[in-house]
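To start, the structure itself, in structure tokens.
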Amino acid sequence: MEKACYPGSFDPFTRGHLEIIERASCLCSQLTVAVIDNPAKRHLFSLEERKEMLQQGVSHLGNVVIDHFQGLLVDYLKDRQIGVAIRGLRDSSDAPVEMQMARLNRQMSGCETLWLAAEGQFLHISSSFVREIARLGGPYQNWVTPLVAQRMEAKLAQ
Ligand code: COA
């Protein structure tokens with residue numbers, strides 16, 4: 001596969017996301033990790049902060065680029081001439097929404113979605129639980145990269 005895209009909000013990027021990125025990068029010649037820029041949504045981290053944490057987290061992968069998009073994912077993919085979206089499935093509860101999005105995206109533009117079954121000790125992790133556990137003083141550091149942990153500490157200290 002030539003180009004693929006892994007989209008998400010990454011607020012913040014976790015080791016669960018990293019596992020999907022590492023595996024997806026082996027399946028294509030170029031993987032674009034596309035951070036959604038939705039000004040209507042309140043994020044803990046700004047777009048630039050989310051991109052910076054991703055950039056640092058994937059620096060060991062030569063064929064991964066970090067980008068962002070606004071609006072419909074399919075419009076972004078068409079503009080970048082990317083035909084495949086990659087998504088990670090953690091368990092069966094992710095499936096209904098993912099299938100719905102995959103069908104909608106395919107009907108809108110012909111874009112295909114490829115799912116990777118998430119694996120390992122990060123299956124139960126989500127960005128919002130990482131944010132909540134961090135805010136409440138719990139140990140979340142094993143689920144994120146050192147830079148994300150550092151940025152979380154700084155953010156929560158503000
Ligand atoms: N490891 C760890 N966490 C994971 C994960 C994995 N493998 N896979 C998903 N998650 C978590 C995320 O951390 C996130 O947690 P949160 O809800 O607690 O913040 C949650 O699962 C959902 O994340 P993700 O699957 O990345 O979705 P998203 O909401 O971040 O992004 C978009 C969804 C951006 C891809 C989708 O909304 C989109 O395409 N929007 C653009 C508008 C559009 O085209 N709409 C029409 C869609 S048909």
Side-chain angles (χ1 to χ4, degrees), residues 3-27 31-51 53-55 57-58 61 64-136 138-145 147-149 151-152 155-156:
K3 290 187 197 171
C5 173
Y6 180 44
S9 43
F10 306 106
D11 186 33
F13 160 59
T14 68
R15 288 196 184 276
H17 294 126
L18 182 58
E19 189 241 336
I20 298 295
I21 294 170
E22 285 173 339
R23 287 166 53 205
S25 72
C26 299
L27 301 176
L31 178 70
T32 300
V33 179
V35 183
I36 188 163
D37 177 16
N38 180 358
K41 194 169 169 191
R42 232 178 101 85
H43 290 289
L44 177 63
F45 291 101
S46 70
L47 175 67
E48 286 316 315
E49 288 170 326
R50 287 179 281 146
K51 286 176 72 178
M53 291 184 282
L54 272 161
Q55 192 74 63
V58 305
L61 301 169
V64 177
V65 295
I66 309 299
D67 195 11
H68 67 272
F69 73 103
Q70 277 194 352
L72 286 177
L73 176 65
V74 290
D75 288 341
Y76 170 77
L77 297 179
K78 200 168 175 184
D79 187 56
R80 295 290 192 279
Q81 297 182 307
I82 300 175
V84 176
I86 306 266
R87 301 287 291 162
L89 282 189
R90 287 165 298 174
D91 58 30
S92 57
S93 64
D94 279 343
V97 174
E98 290 298 335
M99 291 185 87
Q100 189 178 12
M101 286 202 299
R103 290 196 178 103
L104 288 165
N105 284 338
R106 189 169 140 72
Q107 286 186 13
M108 283 191 283
S109 79
C111 153
E112 292 289 1
T113 300
L114 206 150
W115 291 304
L116 296 185
E119 185 158 29
Q121 74 254 54
F122 306 117
L123 284 185
H124 49 295
I125 299 309
S126 71
S127 299
S128 53
F129 275 124
V130 164
R131 291 196 303 272
E132 180 174 299
I133 292 167
R135 189 169 49 80
L136 297 172
Y140 66 93
Q141 289 83 352
N142 285 346
W143 304 320
V144 297
T145 63
L147 178 70
V148 173
R151 293 287 191 272
M152 287 292 281
K155 189 66 80 176
L156 294 169

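Indexing begins at 1, ligand by ligand and atom by atom, following the structure's order. No experiment lies behind these values; they were computed from the predicted model shown.
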| said: Just checking Met99: does its CE atom have more than 12 heavy atoms from other residues, nucleotides or ligands closer to it than 6.0 angstrom? | reply: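 No.
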| task | Give a yes or no on whether Lys3 atom NZ has more than 12 heavy-atom contacts from other residues, nucleotides or ligands under 6.0 Å away. | result | yes
What are the atoms of ligand 1, with element, lying closer than 4.0 Å to any heavy atom of [X]?
{"X": "Ile20", "result": "7 (N)"}
{"X": "Leu104", "result": "48 (S)"}
{"X": "Gly71", "result": "41 (C), 42 (C)"}
{"X": "Ser128", "result": "16 (P), 18 (O), 19 (O)"}
{"X": "Ile36", "result": "34 (C), 40 (N), 41 (C)"}
{"X": "Phe69", "result": "41 (C)"}
{"X": "Ser126", "result": "13 (O), 15 (O), 18 (O)"}

One residue to check: [X]. Relative to ligand 1, which of side chain, backbone, both or neither has a non-hydrogen atom less than 4.0 Å away?
{"X": "Arg87", "answer": "side chain"}
{"X": "Asn105", "answer": "side chain"}
{"X": "Leu72", "answer": "both"}
{"X": "Phe13", "answer": "neither"}

Write out the residue and atom name of the closest protein heavy atom to [atom], then the distance separating them to 0.1 Å.
{"atom": "atom 36 (C) of ligand 1", "value": "Met101 SD, 4.1 Å"}
{"atom": "atom 29 (O) of ligand 1", "value": "Ser9 OG, 3.9 Å"}
{"atom": "atom 31 (O) of ligand 1", "value": "Gly8 CA, 3.6 Å"}
{"atom": "atom 44 (O) of ligand 1", "value": "Leu73 N, 2.9 Å"}
{"atom": "atom 12 (C) of ligand 1", "value": "His17 NE2, 3.5 Å"}

I'd like to check [X] versus [Y] (side-chain heavy atoms, cut-off strictly below 4.5 Å). Are they in contact?
{"X": "Met101", "Y": "Thr113", "result": "no"}
{"X": "His43", "Y": "Lys41", "result": "yes"}
{"X": "Phe69", "Y": "Cys5", "result": "no"}

| task | State whether any protein heavy atom lies less than 4.0 Å from atom 38 (C) of ligand 1. | result | no
| Protein non-hydrogen atom below 4.0 angstrom of atom 23 (O) of ligand 1 present |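 No, there is no protein heavy atom closer to it than 4.0 Å.
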| message | As a quick check of understanding, evaluate salt bridge (Lys or Arg N to Asp or Glu O under 4.0 Å) for Arg80 and Asp67, giving each step before the final call. | response | CA-CA 11 Å; Arg80 295 290 192 279; Asp67 195 11; 3.0 Å; yes
| task | Determine, stepwise, if the pair Arg151 / Val148 fulfils side chain to side chain contact (heavy atoms under 4.5 Å, CB included). | result | CA-CA 5 Å; Arg151 293 287 191 272; Val148 173; 5.7 Å; no
| said: One pair to check against salt bridge (Lys or Arg N to Asp or Glu O under 4.0 Å): Arg15 and Glu19. What are the steps and the verdict? | reply: CA-CA 6 Å; Arg15 288 196 184 276; Glu19 189 241 336; over 6 Å; no
| task | Hey, could you give me the CG/CG distance between Asp11 and Asn38, rounded to the nearest 0.5 Å? | result | 11.5 Å
Hey, does [X] come in under 3.5 Å of ligand 1, counting only N/O atoms on both sides?
{"X": "Ile125", "answer": "yes"}
{"X": "Phe122", "answer": "no"}
{"X": "Arg90", "answer": "yes"}

| Under the salt bridge (Lys or Arg N to Asp or Glu O under 4.0 Å) criterion, do Arg106 and Glu112 qualify, and how do the steps go? | CA-CA 6 Å; Arg106 189 169 140 72; Glu112 292 289 1; 2.8 Å; yes
| Ala85 near ligand 1, heavy-atom distance under 4.0 Å? | no
| request: Indicate yes or no for a side-chain donor-acceptor contact from Thr14 to the backbone of Gly16 under 3.5 Å, with no hydrogens or angles considered. | output: yes
| note | The option among Ser127, Ala117, Cys5 carrying the non-hydrogen atom nearest to atom 13 (O) of ligand 1 is Ser127
| note | The option among Pro12, Gly120, Gly16 carrying the non-hydrogen atom nearest to atom 7 (N) of ligand 1 is Gly16
| request: Start with the C-alpha gap between Phe13 and Val144, add the side-chain angles, then the distance that decides, and say whether side chain to side chain contact (heavy atoms under 4.5 Å, CB included) holds. | output: CA-CA 7 Å; Phe13 160 59; Val144 297; over 6 Å; no
| said: Working note: Leu123 + Asp91, criterion side chain to side chain contact (heavy atoms under 4.5 Å, CB included); need CA distance, chi angles, decisive distance, verdict. | reply: CA-CA 8 Å; Leu123 284 185; Asp91 58 30; over 6 Å; no
| Mind checking whether Tyr6 and Phe10 have parallel, tilted or perpendicular rings, split at 30° and 60°? | perpendicular
